[in-house]
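Numbering starts at 1 and runs along the sequence shown.
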Amino acid sequence: MKHIVRAALITTGLGLLMTFAYDLKQPAGFFSNDARTTYFAATMLLVFGALSMKNVLSYKTKTNIKYTPKHEELKNSGLSLAVLFLFILAPMFDQPERFYICDCQWIRWIGCLFMIDAITFFSWSSWILGKQYYRNDGKASDLKIIKTGPYAIIRHPRLLGLMSWGLSTALVFNNIVALLVTILLVWVVGLKAEDEEVLKELEFGEEWIDYKKQTYRFIPMIY
């Protein structure tokens with residue numbers, strides 16, 4: 001029950017952060033645009049859904065390989081800051097007369113479509129990971145190659161979901177500032193994917209190499 005309460009509090013806090021970042025004096029103005037309202041509901045659903053899955057929050061993994069990626073803390077901090085900045089800067093700079101990507105409304109609805117990808121890949125892959133690794137005794141599970149669900153086609157579906165959310169945010173709020181932060185987010189996510197693949201190859205050798213040949217890093221048939 002505690003994880004549900006925590007998920008609700010964090011989701012509420014992020015929702016308030018976004019609306020007050022849009023307009024400190026009149027935060028309700030955030031909902032004057034239908035695409036923004038749709039995005040808001042989808043993002044709150046994504047955040048609450050991910051945080052309320054206890055097995056996703058609690059699982060631990062272990063490996064016999066002693067590998068520490070270069071600048072790991074810096075990458076993790078950069079990723080966290082990019083996500084936080086998107087929650088703040090995207091609504092703050094939603095000022096079409098100054099910072100827009102294009103002078104149109106349809107781009108916001110394209111952003112909402114990317115939220116479908118974000119919710120699907122992030123939630124689905126998080127559930128698969130939690131199902132594979134979660135243990136009631138609190139101990140760490142051995143690292144393994146997950147080949148079910150989205151992992152049958154994509155090696156990093158959860159990271160793909162995160163990138164889709166970033167792109168969705170930039171498009172829904174239709175501003176260049178959020179787009180620049182999203183580019184930073186995608187770059188850091190790419191670095192973390194490379195680090196994970198190095199670890200997996202060291203851990204599993206030929207099995208991982210064979211899995212790589214059968215799958216794509218992020219986008220099926222492309223990359």
> What distance do K200 atom NZ and E203 atom CD have between them, rounded to the nearest 0.5 Å?
Replying inline: 9.0 Å
> Where does the angle between the aromatic ring planes of W165 and F87 fall among parallel (under 30°), tilted (30 to 60°) and perpendicular (over 60°)?
Replying inline: tilted
> Are the side chain of N174 and the backbone N or O of I101 linked by a donor-acceptor pair below 3.5 Å?
Replying inline: yes
>> I'd like to check F121 versus L162 (side-chain heavy atoms, cut-off strictly below 4.5 Å). Are they in contact?
In response: no
> With a 4.5 Å limit on heavy-atom distance, are the side chains of F204 and Y211 in contact?
Replying inline: no
> Got a sec, which pairs hit salt bridge (Lys or Arg N to Asp or Glu O under 4.0 Å) with one end in residues 212-223, sequence neighbours left out?
Replying inline: E194-R217, E197-K212, E197-R217
>> Do L179 and I176 make a side-chain contact, defined as non-hydrogen atoms from C-beta onward lying under 4.5 Å apart?
In response: yes
> Roughly how far apart are S125 OG and H156 NE2, rounded to 0.5 Å?
Replying inline: 11.5 Å
> Do N33 and Q105 have side chains that get closer than 4.5 Å, going by heavy atoms?
Replying inline: yes
> Between K75 and D195, is there a side-chain N and carboxylate O pair less than 4.0 Å apart?
Replying inline: yes
> Would you say the side chains of Y39 and T169 form a donor-acceptor pair under 3.5 Å?
Replying inline: yes
> Just wondering, more than 12 heavy atoms not from L84 lying within 6.0 Å of its CG?
Replying inline: yes
> In the hydrophobic clustering (ILVMFWY, side-chain contacts below 4.5 Å, transitive), which residues join L113, or is it alone?
Replying inline: I116
> Is any side-chain heavy atom of D23 closer than 4.5 Å to a side-chain heavy atom of Q26?
Replying inline: yes
> Below 4.5 Å, heavy atoms only, C-beta onward: do W124 and P157 meet side chain to side chain?
Replying inline: no
> Counting only heavy atoms not in F114, do more than 12 sit closer than 6.0 Å to its CZ atom?
Replying inline: no
> What's in the same ILVMFWY side-chain cluster as L16, cut-off under 4.5 Å, chained through other members?
Replying inline: F20, L24
> Side-chain heavy atoms under 4.5 angstrom apart, residues restricted to Ile, Leu, Val, Met, Phe, Trp, Tyr: same cluster for V186 and I219?
Replying inline: yes
>> Is there a side-chain contact between F40 and F30 in this structure, where contact means two heavy atoms from C-beta onward sitting under 4.5 Å apart?
In response: yes
>> Return the CD to CD1 distance between E207 and I145, rounded to the nearest 0.5 Å.
In response: 3.5 Å
> Can you find a pair of side-chain heavy atoms, one from I154 and one from T215, that are under 4.5 Å apart?
Replying inline: no
>> Using the rule given for side chain to side chain contact (heavy atoms under 4.5 Å, CB included), can you reason through I4 versus F48, listing the C-alpha separation, both sets of side-chain angles and the distance that settles it, and then say yes or no?
In response: CA-CA 8 Å; I4 297 294; F48 180 78; 4.2 Å; yes
